[in-house]
Amino acid sequence: MANIKSAKKRIKVIAKKTLRNKMIKSRTKTEIKKVLTAVKAGAPDEARAALQNATRYIDKAASKGVYHKNNASRKKSRLSKLVNKVGA
């Protein structure tokens with residue numbers, strides 16, 4: 001356990017930031033799963049709607065620093081490829 005006041009504060013701040021990052025990451029993963037479920041079901045309209053939502057959450061996560069911008073871009077690209085295959 002930390003003895004210095006500033007170190008104690010850092011522990012609290014880090015815990016708060018970790019929780020925030022977990023919440024953002026969890027929500028993003030949920031949205032991605034919705035896209036995958038729609039693709040598996042073979043529903044192109046649902047998949048497109050879910051993709052739009054997932055893209056929004058992935059972008060938000062990237063802007064907040066939860067995901068690296070290249071990682072976010074890769075996730076969006078792979079999802080849109082899947083959705084395009086279903087639509088074709």
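These numbers were taken from a predicted model, which means no experiment stands behind them. Numbers for residues simply follow the sequence, beginning at 1.
- Put simply, CG on Leu79 and CG on Asn84 are 11.0 Å apart, with the number rounded to the nearest 0.5 Å.
- The shortest non-hydrogen separation linking Val39 to Ala47 is CG2-CB, 4.1 Å.
- Contact check for Thr28 versus Val66: no side-chain heavy atoms found under the 4.5 Å cut-off.
- At a threshold of 4.5 Å between non-hydrogen side-chain atoms, the residues Lys34 and Asn53 do not count as touching.
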Practice item. For salt bridge (charged side-chain N to carboxylate O under 4.0 Å, His left out), just list the numbers for Asp59 and Arg56, CA-CA rounded to whole Å, side-chain angles, deciding distance to a tenth of an Å, and then say yes or no. Key: CA-CA 5 Å; Asp59 284 336; Arg56 225 177 88 233; over 6 Å; no
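- Annotation for Ile14: atom CD1 counts as buried by contact number, over 12 foreign heavy atoms lying within 6.0 Å.
- Using a 4.5 Å heavy-atom threshold, the side chains of Thr37 and Lys40 count as separate.
- Not one N or O on the side chain of Ser73 forms a donor-acceptor pair closer than 3.5 Å with the backbone of Lys69.
- Within the 4.5 Å cutoff, the side chain of Val83 has no heavy atoms near those of the Pro44 side chain.
- Grouping the Ile, Leu, Val, Met, Phe, Trp and Tyr side chains by contacts below 4.5 angstrom, directly or via other members, places Tyr67 apart from Val35.
- Nearest heavy atoms, Ala7 versus Ala2: CB-CB, 3.6 Å.
- Atoms NZ and NZ, from Lys29 and Lys75 in turn, are 8.0 Å apart once rounded to the nearest 0.5 Å.
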